[in-house]
Amino acid sequence: MDAAKECGFAVSLTFIIAALISLTTLLTFNSDELWEFRHKIFRINGTIDSDEDVMSPNLTSCHQSYGRDDLLVYCCPPENPQNLKFIDFKFPEPSKPLRVRKPAHLLDEDYISKYSRAVSIMKSLPYSDPRSFSRQANLHCIFCTGAYDQKYSNISLNIHRAWFFFPWHRMFLHFHERILGSLIGDDTFALPFWNWDSPEGMTIPEMYMNEPLNHKERDGSHFPPKVADIDFVDKESGLGPQEQIEKNLAMMYNQLVSGAKKTELFMGCSYYPGEGGTCDGPGTVELAPHNTLHTWVGSSFNPQREDMGAFYSAARDPLFYAHHSNIDRMWEVWREIHGKNLPISDPAWLGSYFYFYDENLQLVRIKVSDVLDLSKLRYAYEKVNLPWLNKRPKPSVSPKLARQVLNLRDTGGSRFLYAEFGGNARNLEASMTVKVYRPEYQRTKKEKEEEEEVLVVYGIDVESNMYVKFDVYVNIADEMKINPGFREFAGTFVRLPQARSTDIGSRKSTLKLGISELIEDLEADGDDSIWVTLLPRTTSCMNTTIDGICIEYMR
């Protein structure tokens, strides 16, 4: 997997090997340190030594978990985990019909009737049946609230905010789709996708406004013909329909193209078994439009905009599956744009596995490596236009004018800070502008082609279980005249509520943003530093702190 070193951290390979093979040192390692020793060796060899070196859930460990700090939920399956027997996943026969997922806003009445009948049957099944709609919804709850522990560990497992986000949801949709098709005896049935990246599909599809696809826990002010806001905060943007569409397209360009040129930037951070392998560094699309649209759909009358606005309840809404179908499609689109045929080659990712019930009530173990080729899974996405692909944003003001303003900032008073915080975390109760030095601002053409310049906001500590969002800008001359539709926008940090009562919710986050193209467009490629502004978008940012900001280079 492409990955950059953490800022300020460099250890020579010789030192690592020498230290790790020291018998005296090994005898003093705790279990997590031993795992880290094995993992470093496996990364060198490109192999996995045992089942302990991949991520998987302990099916006997399911327990109550926190949906909110004030709400314990129990999403566990009713069957005795000691009696569970599973089979390994097998690809559908190549002769099976290809299931084609189509945009929801273009589907005909025959399809809508068929899909509605399948969901009605699924909703009628008892909770004891793992194919039932409530059991399907609780699968998401289990894996998103830390209800399962990792196998061989008492550390909780979570599939958000790291590199399992895309493959786990693909597995989930695959089995959900097959179950729906089997309930109506249709091998060709395919889930629709909510085509929110296209102007024609940016409203909630009409089919989801009628039973059984309707859902009462939604924001009524966002019903059609309201245009979705893929940059949603917790209040309305105030933009007209066409302005909202243009802003959405510019955001999509940043999240899929200029800000996601390296695998980690799109897929999220590397997440390994054991405490030492935990990470909280989501990829671009998971932050927005994934998180933002979850919040936009959820009901404003509920504490965390449930159902869609909170992990534990999101999959109760049928629209969840169309939303995630388009998220899954974005994975394929990103691979096509950037030529990433195999996004990650790390055996610890490829070999990690999860469990799902199939349409035959059989528990199936499926690996990440099983879901990388859609043709083998026998489904595809109908080709549609990508209107955002040519929406490269422009600067809010000319770079020359901006430079004149920026040159005055070194003497602009205490409001402007340097990125070295000296070990003291800084609060985000108000906008923060810092000067960040670029270690390699005189790179060769070859270096620029091979390496992405990455802006890193690290040590993000969210002290409240609330929706948190802040935006990151580079070299802005006037923050009152800026929004994500302009080139100065580097990216956004979005965190759906995650109970701090769990180790998942208490981790500090890292935000990594690709800025090579942005730097070029702002005509700042020859500068030894840039000005970075963190702009709070939610009041909850007053309970959020940052340890620092720096630049690294990612191959």
Side-chain angles (χ1 to χ4, degrees), residues 87-119 121-122 131 136 139 165-198 200-201 205 207-208 213 256 285 318-343 350 353-354 356-362 364-386 389:
I87 62 172
D88 283 318
F89 177 77
K90 292 182 179 180
F91 292 111
E93 292 295 328
S95 59
K96 288 285 186 180
L98 186 69
R99 292 172 280 118
V100 180
R101 296 180 182 176
K102 300 181 179 182
H105 68 285
L106 297 179
L107 293 169
D108 59 29
E109 289 301 321
D110 287 342
Y111 175 89
I112 294 172
S113 176
K114 181 168 59 175
Y115 185 28
S116 297
R117 183 160 59 91
V119 172
I121 296 171
M122 181 178 273
R131 302 171 303 168
Q136 293 287 294
L139 261 177
F165 171 74
F166 283 101
W168 186 91
H169 285 87
R170 176 169 288 181
M171 297 171 184
F172 183 28
L173 291 186
H174 173 74
F175 288 103
H176 183 79
E177 182 176 70
R178 284 174 54 171
I179 290 169
L180 287 169
S182 71
L183 292 176
I184 56 175
D186 186 349
D187 280 349
T188 68
F189 175 80
L191 285 167
F193 64 89
W194 179 13
N195 193 195
W196 35 248
D197 59 306
S198 177
E200 297 79 12
M207 63 186 287
Y208 289 93
L213 303 175
L256 268 293
V285 164
L319 188 56
F320 169 94
Y321 302 91
H323 176 42
H324 268 278
S325 186
N326 206 35
I327 292 290
D328 183 64
R329 174 177 157 261
M330 289 300 105
W331 187 8
E332 290 303 295
V333 169
W334 173 78
R335 289 168 69 167
E336 291 173 7
I337 291 172
H338 299 285
K340 306 290 186 182
N341 293 323
L342 183 62
L350 295 170
Y353 57 86
F354 303 93
F356 296 86
Y357 279 97
D358 67 11
E359 66 273 24
N360 301 313
L361 297 174
Q362 175 66 59
V364 178
R365 180 173 66 177
I366 182 169
K367 295 181 180 180
V368 170
S369 60
D370 292 329
V371 298
L372 300 181
D373 187 339
L374 296 194
S375 64
K376 290 183 178 180
L377 295 173
R378 301 303 298 151
Y379 79 92
Y381 288 98
E382 184 171 279
K383 293 293 183 181
V384 296
N385 292 331
L386 303 175
L389 196 55

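Every value quoted in this text rests on a predicted model; they were computed, and no experiment measured them. The figures here come from the full heavy-atom set of this structure, side chains too, leaving out hydrogens, waters and symmetry mates.
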Give, for atom [atom1] of [X] and atom [atom2] of [Y], the distance between the pair rounded to the nearest 0.5 Å.
X	Y	atom1	atom2	answer
Ile179	Glu359	CD1	CD	7.0 Å
Arg117	Leu180	CZ	CG	11.5 Å
Phe189	Tyr115	CZ	OH	5.5 Å
Gln136	Arg131	CD	CZ	10.0 Å
Tyr357	Phe175	OH	CZ	12.5 Å
Arg378	Asp187	CZ	CG	11.5 Å

Using modelled atom types only, decide if a donor and an acceptor are shared between the side chain of [X] and the backbone of [Y] within a distance under 3.5 Å.
X	Y	result
Arg335	Lys340	yes
His323	Trp196	no
Asn360	Gln362	no
Asn326	Phe193	no
Tyr381	Ser325	yes

- prompt: Near Lys102 NZ, under 6.0 Å, is it more than 12 heavy atoms from other residues, nucleotides or ligands?
  reply: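 Counting neighbours around NZ of Lys102, 12 or fewer heavy atoms of other residues, nucleotides or ligands fall under 6.0 Å, so no.
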
Would you say CG of Asp373 has more than 12 non-hydrogen atoms from neighbouring residues, nucleotides or ligands within 6.0 angstrom?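 Result for CG/Asp373: enclosed.
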
_Contact check, side chains of His169 and Asp328, non-hydrogen atoms, under 4.5 Å_ =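 No. Closest side-chain heavy atoms not under 4.5 Å.
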
Heavy atoms, side chains only, cut-off 4.5 Å: are Phe166 and Leu372 in contact?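 No, every pair of side-chain atoms sits at 4.5 Å or beyond.
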
What heavy-atom pair brings [X] and [Y] nearest, and what distance separates the two atoms?
X	Y	answer
Ala118	Leu183	O-CD1, 3.9 Å
Ala380	Leu98	CB-CD2, 4.1 Å
His338	Leu256	NE2-O, 2.8 Å
Ala322	Tyr208	CB-OH, 3.3 Å
Leu107	Ile112	O-CD1, 3.9 Å
Tyr111	Ala190	OH-O, 2.6 Å

**OP:** Let me see the working for Leu389 and Val333 under side-chain contact (heavy atoms from CB on, under 4.5 Å), right down to the final yes or no.
**Re:** CA-CA 10 Å; Leu389 196 55; Val333 169; over 6 Å; no

**Report entry** Positive for side-chain contact (heavy atoms from CB on, under 4.5 Å) with Met171, one of Leu139, Val364, Val371, Asp370
**Finding:**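 Passing option: Val371.
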
**Study point:** Member of His174, Arg170, Arg178 meeting the side chain to side chain donor-acceptor pair (under 3.5 Å) criterion with Tyr379
**Key:**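 Single side chain to side chain donor-acceptor pair (under 3.5 Å) partner of Tyr379 among His174, Arg170, Arg178: Arg170.
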
**Verdict with supporting geometry, Val384 and Arg329, side-chain contact (heavy atoms from CB on, under 4.5 Å)** = CA-CA 11 Å; Val384 296; Arg329 174 177 157 261; 3.0 Å; yes

Measure the acute angle between the ring planes of Phe89 and Phe91, then classify it against the limits of 30° and 60° as parallel, tilted or perpendicular.
->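 Ring orientation, 0 to 90° scale: perpendicular.
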
**Study point:** SB check Glu336 Lys383 (cutoff 4.0 Å)
**Key:**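 Salt bridge: yes.
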
Worksheet item: Should Lys96 and Glu93 count as an ion pair when the cut-off is N to O under 4.0 Å?
Response: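 No salt bridge links Lys96 with Glu93.
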
- Message: For His176 and Phe320, I'd like to know if the aromatic rings sit close, meaning centre-to-centre distance below 6.0 Å.
- Response: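 So the answer is no for these two rings.
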
task = For the pair Ile184 and Lys114, evaluate side-chain contact (heavy atoms from CB on, under 4.5 Å) and give the outcome as yes or no after the intermediate values.
result = CA-CA 8 Å; Ile184 56 175; Lys114 181 168 59 175; 3.1 Å; yes

- Item | Residue pair His324, Leu191: steps toward the side-chain contact (heavy atoms from CB on, under 4.5 Å) verdict | CA-CA 10 Å; His324 268 278; Leu191 285 167; over 6 Å; no

